[in-house]
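Quick notes on the structure that follows.
Predicted model only: the values in this text are computed from it and were never measured. All heavy atoms count here, side chains included; hydrogens, waters and symmetry mates do not. Counting starts at 1 for both ligands and their atoms, in listed order.
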Amino acid sequence: MPVLFIWLNSLRKTVILVGTVAALLFLIVVRLKNQVSFPLILNCFGQTSVKWMPFSYTQRRPLRTHYGYINVRTEEPLHLDCDICAIISNSGQMAAQKVGYEIDQSSCIWRMNNAPTKGYEEDVGKRTTVRVVSHTSVPLLLKNPEYFFRETNRTIYVIWGPFRNMRKDGNGIVYNMLKKTVDNYPGAKIYVTTEKRMSYCDEVFKKETGKDRVQSGSYLSTGWFTLILAMDACYRIHVYGMINDTYCKSEGFRKVPYHYYEPGRDECDEYFLHENAPYGGHRFITEKKVFAEWAKKHTIIFTHPNWTLS
Ligand SMILES: *[C@@H]1O[C@H](CO)[C@@H](O)[C@H](O)[C@H]1NC(C)=O
Ligand SMILES: *[C@@H]1O[C@H](CO)[C@@H](O)[C@H](O)[C@H]1NC(C)=O
Ligand SMILES: *[C@@H]1O[C@H](CO)[C@@H](O)[C@H](O)[C@H]1NC(C)=O
């Protein structure tokens, strides 16, 4: 009798143990499955992707949610995670570079404002994953909404601008335009930079240069906002067509237009004009000096023209 009792007792323990292990395994499987079909995860091509998150930690960074960028239609934060990012400058340096094919091989391709690809594919590539756009350039996109918001609706649009234009209470002139755009083009993926994130970008400028952006009478450039987001979202960054801080004073520099898609204005003239403007300028040259510092901490390379970073 006692033997049978002990045997039954250990059988009970075994059943409990096996049951517990089975329940744990079940929970783990459910968790993995939920992560796999997590609906908000976008990969760089705008499709939902299969990612086994618990195991990816050891191989690469986890997926990123960017709370400083909010979808105008859904009010959800931006989900973006890229391996190799190509950031294409709008500079005239891009003309005749013939790197379009190379650019199109990158996992994510970033462009700024209304920089076109149509007609320039050979030099700048065809694909656009993210387009970072200044509040002042939104009207330029709205000149061709069918192209930007229907034809290329896989592109993520990230708009930056000051609070007065971006406020959501009906008085933000640019925000209102974007709201109307997503009503007309429900497939458009348009995100606005939050006020908090805008302040953060100012703080970064102050930390890097020791200067207060507002007091120094300047505006940050779209390139600045692009690099800050890209450093969060990309594993590696390759910047094409951006000149460095000493380029315009270096021997035999190339005189090119400010934009590859617009003749006329000269790049270096524009840089000096902005750098020295007492009010309302972009500190392009100062920013480039900061970018060179960032490139020492992040994996960033600059080519066409090449920067030498030590
Ligand atoms: C998105 O773009 C594709 C290809 O250009 C088009 O067929 C589709 O209708 C667009 N979707 C929306 C919601 O506009
Ligand atoms: C610039 O860098 C690229 C890639 O690192 C290299 O292939 C190319 O030869 C360099 N060009 C010049 C002019 O140094
Ligand atoms: C900046 O650009 C100039 C002209 O291309 C080049 O000679 C110089 O080495 C570059 N400096 C750095 C630090 O990349």
Side-chain angles (χ1 to χ4, degrees), residues 44 60 82-112 115 117 120-130 204-205 207-211 218 220-228 230-231 233-277 281-310:
C44 291
R60 48 178 311 221
C82 307
D83 184 13
I84 302 171
C85 287
I87 298 179
I88 321 308
S89 163
N90 295 10
S91 160
Q93 301 286 343
M94 288 310 293
Q97 292 291 4
K98 305 228 185 303
V99 283
Y101 179 78
E102 179 187 315
I103 287 169
D104 280 334
Q105 308 307 304
S106 318
S107 16
C108 295
I109 299 165
W110 298 58
R111 301 185 195 277
M112 289 172 267
T117 51
Y120 303 89
E121 292 91 343
E122 208 183 348
D123 292 328
V124 304
K126 311 185 212 232
R127 295 175 40 222
T128 307
T129 318
V130 186
V204 173
F205 185 79
K207 185 179 144 260
E208 298 289 357
T209 64
K211 282 187 210 140
S218 63
L220 296 172
S221 72
T222 299
W224 182 270
F225 291 102
T226 302
L227 245 92
I228 286 188
M231 286 192 293
C234 308
Y235 191 64
R236 278 189 290 164
I237 299 174
H238 185 160
V239 183
Y240 290 85
M242 203 178 264
I243 59 174
N244 68 24
D245 62 318
T246 57
Y247 184 89
C248 293
K249 287 187 171 154
S250 64
E251 191 102 12
F253 73 88
R254 277 199 328 137
K255 242 173 123 62
V256 298
Y258 182 56
H259 287 153
Y260 66 81
Y261 47 92
E262 282 168 346
R265 302 151 77 192
D266 173 78
E267 175 171 56
C268 286
D269 290 351
E270 199 75 21
Y271 267 50
F272 287 130
L273 200 72
H274 272 275
E275 193 69 15
N276 302 314
H282 289 303
R283 303 301 184 227
F284 288 127
I285 297 174
T286 306
E287 288 187 5
K288 299 301 184 283
K289 226 180 276 176
V290 176
F291 294 172
E293 289 301 312
W294 289 346
K296 291 176 189 167
K297 292 174 262 172
H298 298 261
T299 318
I300 310 178
I301 63 165
F302 295 84
T303 68
H304 308 88
N306 290 358
W307 297 21
T308 42
L309 303 157
S310 43

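Between the Ser107 side chain and the Ile84 main chain, a donor and an acceptor come within less than 3.5 Å of each other.
Taking the six-membered ring for Trp and the full ring otherwise, the centers of Trp224 and Trp294 sit less than 6.0 Å from each other. In this structure, the ring of Phe272 has its center no less than 6.0 angstrom from the ring center of His274.
Using bins of under 30°, 30° to 60° and over 60° for the plane-to-plane angle, the ring pair Phe284/Tyr271 lands in the parallel bin.
Taking every non-hydrogen atom of Thr246 and a distance limit under 4.0 Å, the qualifying atoms of ligand 3 come out as 1 (C). Within the listing of ligand 3, atoms 1 (C), 2 (O), 3 (C), 8 (C), 10 (C), 11 (N), 12 (C), 14 (O) sit less than 4.0 angstrom from a heavy atom of Asn244.
The 4.0 Å heavy-atom shell around ligand 2 contains residues Asn306, ordered by chain and number.
Contact annotation: Tyr247 has at least one heavy atom less than 4.0 Å from an atom of ligand 3.
A side-chain donor-acceptor contact under 3.5 Å links Thr303 and His238.
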Output, in order, the C-alpha distance, side-chain angles, deciding distance and verdict of side chain to side chain donor-acceptor pair (under 3.5 Å) for Tyr260 and Gln97.
CA-CA 11 Å; Tyr260 66 81; Gln97 292 291 4; over 6 Å; no
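In this structure, Cys82 and Cys234 have their SG atoms no less than 2.5 Å from one another.
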